[in-house]
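The sequence lines fix the lettering, A, B, ..., with proteins before strands; numbering per chain opens at 1.
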Number of protein chains: 2
Amino acid sequence: MALDHALLVSLLEKPSSGYELARRFDRSIGYFWHATHQQIYRVLSRMEAEGWISAEVQAGETAPDRKVFSATAKGRVELSRWIAEPVEPEGTRDALMVKLRGAAFGDPQGLIAELEHHRAAHANRLTCYHVIEARDFSGTLDPQRALQYMVLKSGLRFEQGWLEWCEEALDLLRNIKQVKRRRTTS
Amino acid sequence: MALDHALLVSLLEKPSSGYELARRFDRSIGYFWHATHQQIYRVLSRMEAEGWISAEVQAGETAPDRKVFSATAKGRVELSRWIAEPVEPEGTRDALMVKLRGAAFGDPQGLIAELEHHRAAHANRLTCYHVIEARDFSGTLDPQRALQYMVLKSGLRFEQGWLEWCEEALDLLRNIKQVKRRRTTS
DNA sequence: GAATACTATGCAACGAGTTGCATTGCAACC
DNA sequence: GGTTGCAATGCAACTCGTTGCATAGTATTC
């Protein structure tokens with residue numbers, strides 16, 4: 001149920017159309033939640049039906065019509081309720097880890113390209129976050145900004161961690177000896 | 001499709017019943033993939049139907065019967081195929097981040113307990129991983145162990161990162177000024 | 001002797017996320 | 001003047017994961 005609330009937060013920060021939200025989720029918001037436009041439109045309809053958000057159609061003269069959503073008072077209440085309700089930390093789920101561990105039964109070196117790709121992707125995200133940091137979070141910050149910054153900082157921290165880990169893993173893969181194919185129980 | 005392959009890897013490492021797999025996913029394997037027993041049983045049936053794994057029923061004299069699964073040659077091939085196919089790094093999805101950012105529109109201090117809970121959970125996982133590290137990964141490691149260790153290391157790194165971040169976030173929340181309720185667009 | 005807990009397996013309903021496709025209109029390019 | 005690309009919205013089918021429940025025998029505890 002968390003996409004609902006991520007959208008509520010986004011709409012409280014700035015009323016927007018589904019399309020804008022999708023773009024922001026692809027960019028800056030991407031570092032705290034990820035979603036596709038299809039999903040976003042679906043959830044927006046549902047939330048409108050429940051009265052958490054309300055829409056205002058802006059007829060575009062040159063561009064297509066836009067439905068601009070804002071959070072309602074009811075939506076605010078729902079958000080507070082949800083924030084107060086405890087959640088457990090997420091369980092790990094990363095395909096790359098499965099692959100690494102599975103590579104012991106195949107060709108570890110085959111993962112080098114994959115890891116290099118991941119390293120590049122994480123380096124990319126990291127610089128992206130650094131740009132946002134410099135642009136939006138220098139100087140003194142009001143409480144709202146400070147909270148946003150804290151979220152960004154987790155992104156910075158984790159991308160940095162990924163980067164270092166990728167290096168470490170690449171080192172290992174490059175130096176590992178070719179594993180002998182061992183038959184376990186067929 | 002990654003639970004399938006996580007199970008294949010586990011079964012290559014050690015043939016097991018669904019129940020055993022569920023227990024291992026709750027413990028040591030939990031740091032590289034998470035799943036419930038219901039899900040595991042369902043996927044095991046599917047994989048058996050596809051011929052990736054085969055079952056042997058062990059009639060328990062004192063305990064209930066167990067279906068012990070092992071990966072077949074076909075399963076091995078499928079695993080290699082899947083490992084070779086590229087994946088993109090996962091998008092971020094953490095409810096806690098949404099909450100932090102949403103707290104700007106409510107009561108930031110209300111999250112302190114939640115963050116303390118998360119900090120404790122991560123500290124717990126971290127010590128758990130340290131125990132595994134000391135128990136299973138000291139001394140020289142063959143290639144398979146080395147790969148497993150690399151996966152564990154990502155767990156260690158991220159739990160450590162979480163812990164530090166929780167501290168930082170708690171510091172912020174404790175010192176943040178009470179946010180004035182501001183009405184945005186209704 | 002009854003209640004609780006653990007081993008061991010599974011079904012069914014639901015909710016969340018992914019993938020593929022469809023539509024309309026404007027703008028710019030070649 | 002046709003093709004490509006972007007703004008803007010959405011449906012439908014599917015897979016993956018969660019939650020709640022069911023069963024059945026053994027072992028232990030009160």
Side-chain angles (χ1 to χ4, degrees), chain A residues 1-8 15-27 29-30 32-50 53 55-69 82 85 87-95 98, chain B residues 1-8 15-27 29-30 33-50 53 55-69 82 85-95 98:
Chain A
M1 302 281 263
L3 175 56
D4 306 43
H5 302 90
L7 288 170
L8 274 176
S16 324
S17 67
Y19 189 81
E20 275 175 327
L21 286 168
R23 303 207 77 205
R24 278 161 66 205
F25 269 67
D26 250 16
R27 301 154 175 264
I29 305 188
F32 88 94
W33 199 273
H34 166 258
T36 62
H37 70 101
Q38 290 95 329
Q39 217 189 334
I40 290 172
Y41 283 118
R42 184 159 13 103
V43 172
L44 285 175
S45 318
R46 196 177 61 215
M47 289 202 294
E48 195 187 2
E50 293 192 58
I53 60 178
E56 189 195 346
V57 178
Q58 285 187 355
E61 286 156 26
T62 164
D65 293 0
R66 304 166 61 236
K67 276 176 81 176
V68 176
F69 293 95
W82 176 76
E85 153 189 302
V87 277
E88 287 308 303
E90 318 265 323
T92 327
R93 236 170 230 163
D94 197 307
V98 180
Chain B
M1 303 281 264
L3 175 56
D4 307 42
H5 302 91
L7 288 170
L8 274 176
S16 324
S17 69
Y19 189 79
E20 276 175 326
L21 286 167
R23 303 207 77 206
R24 280 161 63 203
F25 269 67
D26 251 15
R27 300 155 174 262
I29 305 190
W33 200 272
H34 165 259
T36 62
H37 70 99
Q38 291 95 328
Q39 218 189 333
I40 290 172
Y41 282 118
R42 188 168 0 115
V43 172
L44 284 174
S45 320
R46 196 177 61 216
M47 289 203 293
E48 196 187 2
E50 294 193 57
I53 59 178
E56 189 193 350
V57 178
Q58 285 186 355
E61 285 154 30
T62 163
D65 293 0
R66 305 165 62 236
K67 276 175 81 176
V68 177
F69 293 95
W82 176 77
E85 152 189 302
V87 276
E88 287 308 304
E90 317 264 323
T92 327
R93 235 169 233 163
D94 197 306
V98 179

Could you tell me how far apart [X] ([atom1]) and [N] ([atom2]) are, to the nearest whole angstrom?
{"X": "B:D26", "N": "C:dA8", "atom1": "CG", "atom2": "P", "result": "15 Å"}
{"X": "A:M1", "N": "C:dC14", "atom1": "CE", "atom2": "C1'", "result": "12 Å"}
{"X": "A:R93", "N": "C:dT18", "atom1": "CZ", "atom2": "P", "result": "13 Å"}
{"X": "A:L44", "N": "D:dC11", "atom1": "CG", "atom2": "P", "result": "12 Å"}
{"X": "B:H37", "N": "D:dT23", "atom1": "NE2", "atom2": "P", "result": "15 Å"}
{"X": "B:R46", "N": "D:dG17", "atom1": "CZ", "atom2": "C1'", "result": "12 Å"}
{"X": "A:H34", "N": "C:dA16", "atom1": "NE2", "atom2": "C1'", "result": "14 Å"}
{"X": "B:Q39", "N": "C:dA12", "atom1": "CD", "atom2": "P", "result": "17 Å"}

Q) Does B:E56 CD have over 12 foreign heavy atoms under 6.0 Å away? A) no

Q) What's the shortest heavy-atom distance between A:W82 and A:A2, and which atoms? A) CZ2-CB, 4.0 Å

Q: Measure distances between side-chain N and O atoms of B:R42 and base N and O atoms of D:dT18, and say whether any donor-acceptor pair falls under 3.5 Å.
A: yes

Q | Pair of N/O donor and acceptor under 3.5 Å linking C:dG20 base with A:Q38 side chain | A | yes

Q. Aromatic rings A:F32 and A:F25: how do their planes relate, parallel, tilted or perpendicular, breaks at 30° and 60°?
A. tilted

Q: With sequence neighbours left out, write down each residue that passes side-chain hydrogen bond (donor to acceptor under 3.5 Å, both in side chains) with A:R93, or none if nothing qualifies.
A: B:H34

Q: May I ask you to verify if any side-chain N or O of B:S17 is less than 4.0 angstrom from the OP1 or OP2 atom of C:dT9?
A: yes

Heavy atoms from C-beta onward define the side chain here; which of [options] lies closest to that of [X]?
{"X": "B:T36", "options": "D:dT19, C:dG15, C:dG10", "result": "D:dT19"}
{"X": "B:Y41", "options": "D:dT9, C:dA8, D:dT18", "result": "C:dA8"}
{"X": "A:K67", "options": "C:dT18, D:dG10, D:dA8", "result": "D:dG10"}

Q.
Assuming nearest nucleotide by heavy-atom distance, tell me which of B:V68 and A:L3 is located more 5' along DNA chain C.
A. B:V68

Q: Let me see the working for A:W33 and A:L7 under side chain to side chain contact (heavy atoms under 4.5 Å, CB included), right down to the final yes or no.
A: CA-CA 10 Å; A:W33 199 273; A:L7 288 170; over 6 Å; no

